[in-house]
Amino acid sequence: MDKSKSRSADKVSTKSSTSTESLSGQTADQAGDDEVPKHLQSNFVSFLKTLGSFGGDLSALTCPAFLLNGVSLLEYSTHWSDHPELFVRIGEAKDDLERHIAVTRWFVSTLYGSYRSRTLKAKGTEKKPFNPVLGEQFHCHWEDGGAHMTCEQVSHHPPVSAFYLEAKSAGRGVAVYGHNGQKSKFMGTYIRVDQTGRAHVRLLDNSDEFLVTYPDLCLRGLISGHIYVELVGNSFIVSRSGKYMTSIEYIPKGWFSGDYFVVKGSIYEPGNEKRPLYTIEGKWTETMTLRERVSGKVTTLFDSNTSPRRQLLVKPLEDQGELESRKLWCPVAEALAAQDYNTATTEKTRIEDEQRALRKERETNGEKFEPKYFQYVPDDEYWQHQIEVATEVSKRTNSVKADPEADAVPSASSSPGVSPGKDGGVIPDMERLRLDPSAAEDVVPDSKSAKISVGDPNASGNAQKPLTHTLISNYQMSGKKDPNTFRNLDEGMWIYRDLYKKHGLK
């Protein structure tokens with residue numbers, strides 16, 4: 001297959017008269033696809049020098065207009081439904097294992113659109129989206145499976161976006177909700193972005209729920225000007241039923257060996273990760289395979305080359321509210337499309353100044369901002385432990401070194417495979433825990449006595465069952481515990497208000 005042709009037809013059109021195009025003429029996927037203009041190369045170099053002297057979170061740094069892609073970061077959440085047909089299948093699965101595989105397949109199908117689709121050209125570059133304003137909204141739907149989505153910016157300092165996607169026609173009905181944020185830092189030759197938050201996939205009859213954690217990012221290619229995203233760290237998919245778990249590791253290209261965009265992972269029963277039911281390998285940008293351990297049978301988990309993403313549908317601009325992303329940022333997007341960077345900067349500054357004035361007015365009046373569509377709900381004990389373990393594992397496997405080869409533009413046609421040049425990583429050590437139970441304290445304090453409840457108390461016929469928290473022992477790290485590797489853990493979720501009211505989520 002000619003991949004350049006397949007990428008150009010990456011979106012499947014629909015019969016609706018609405019479209020995903022902004023007034024700039026670009027879709028969210030095309031935004032940022034052009035390299036830095038030659039006449040602005042010196043400005044780009046100056047910006048890199050500014051990065052080198054900036055010590056804080058890069059979200060506080062003003063980005064030059066020519067490095068903006070014309071799309072709000074809030075809209076990026078729509079990649080959860082790049083393949084609504086896969087999302088729908090979660091609710092149609094016949095048993096727990098089939099459902100867990102369906103969740104895994106759906107999740108990996110979102111990676112290409114989320115992190116690679118905006119750099120399709122050979123010299124394409126990832127550009128910065130707009131920082132959503134507080135209370136900003138994005139609404140859309142898909143014809144496939146009747147899926148619809150609502151996104152809202154629920155916090156500005158720190159920036160947090162909440163999202164809710166639902167497909168009621170999917171068997172029992174299925175929804176994914178959650179929140180995400182970013183903490184970015186310049187690392188000399190690349191930008192490191194730690195993603196905060198997580199997603200929950202829930203069957204609408206309350207029979208099961210899955211927690212999904214995000215990978216972290218490295219923005220490579222700063223020196224060459226052809227910026228692209230490399231995923232690092234781990235993602236985990238954990239079911240509340242406690243029967244199965246998915247672990248996915250994103251392997252960065254080695255200094256002198258290995259390949260770009262490599263992943264490997266497994267699906268296993270907690271406590272038995274050394275004998276997984278399935279193993280996963282390939283490239284998150286292209287093809288990932290699923291190998292059954294017992295039979296050796298290999299099937300395609302997901303192939304972005306042969307699975308075109310579905311087009312989202314939005315209301316016409318004139319029917320959108322003032323806080324909806326495309327209407328709010330329309331003047332800036334239009335100016336960027338015309339390469340009128342002075343006007344783009346002026347319009348962007350106007351929007352930001354208006355938001356500062358609103359924030360000052362709220363402070364003066366003693367008012368607190370309340371999101372329209374989402375409310376914050378603290379975690380129960382089970383998810384607190386799951387998040388604690390998953391984030392600890394992710395941090396300990398996330399040592400990213402500068403790669404002298406990384407400024408080359410990665411080929412879209414490189415063959416999938418597992419990198420032989422991987423350094424470090426998680427070392428499962430069940431034997432160590434059996435010989436020395438106190439070793440669990442190296443991962444999470446007080447983990448020896450940690451207990452969890454498995455099963456949703458709201459689910460019909462699904463009684464809670466006590467179970468010793470086995471995830472602690474599933475992943476033991478080599479070396480001395482370093483408290484600096486811990487991510488600040490979230491202690492709750494931003495949940496869609498209607499879902500909370502209807503299903504009594506707690």
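Listed by chain and residue number, E322 satisfy the salt bridge (Lys or Arg N to Asp or Glu O under 4.0 Å) test with K327 (two or more places apart in sequence, or in another chain). Residues passing the salt bridge (Lys or Arg N to Asp or Glu O under 4.0 Å) test with R359: none are found, sequence neighbours excluded.
S161 and Q153 are linked by a side-chain donor-acceptor pair at a separation below 3.5 angstrom, with hydrogens and angles left out of the test.
With hydrogens and angles ignored, the 3.5 Å screen pairs no side-chain donor or acceptor of S257 with any backbone N or O of G254. Using modelled atom types, one side-chain atom of H79 and one backbone atom of G113 make a donor-acceptor pair closer than 3.5 Å. Without hydrogens or angle criteria, S325 side chain to Q137 main chain gives a donor-acceptor distance under 3.5 Å.
Annotation: side chain of I248 is in contact with side chain of F107 (closest heavy-atom distance under 4.5 Å). The shortest distance between side-chain heavy atoms of E281 and T289 falls below 4.5 Å.
Of the listed residues (V103, V238, V176), just one forms a side chain to side chain contact (heavy atoms under 4.5 Å, CB included) with F210, and that residue is V103.
Under the 6.0 Å distance and 45° angle rule, R105 does not count as a cation-pi partner of F302. Stacking of K253 on the aromatic ring of Y260 is recorded, both the 6.0 Å distance cut-off and the 45° axial limit being met.
A salt bridge does not link R350 with D353: every distance from a Lys NZ or Arg NE/NH1/NH2 to an Asp or Glu carboxylate oxygen is 4.0 Å or more. At a threshold of 4.0 Å, the pair R89-E85 does not count as salt-bridged, since none of the basic side-chain nitrogens sits closer than that to a carboxylate oxygen. Ion pairing between D194 and K185 fails under the 4.0 Å rule for side-chain N and carboxylate O. Ion pairing of R118 with E126 is present here, as a side-chain N (NZ or NE/NH1/NH2) and a carboxylate O approach within less than 4.0 Å. In summary, E143 and R310 do not engage in a salt bridge, as defined by a charged side-chain N under 4.0 Å from a carboxylate O.
Separation of atoms CD1 (I351) and CZ (R356) is listed at 11.5 Å; rounding is to 0.5 Å. Distance check, rounded to the nearest 0.5 Å: CZ of R326 to CG of L74 gives 11.0 Å.
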Exercise for the section: Could you give me the CA-CA distance, side-chain angles and deciding distance for K264 and I251, then say whether side-chain contact (heavy atoms from CB on, under 4.5 Å) is met? Expected result: CA-CA 8 Å; K264 69 175 183 178; I251 304 174; 3.9 Å; yes
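Ring orientation note: the planes of Y214 and W80 are tilted relative to one another, at an angle of 30° to 60°.
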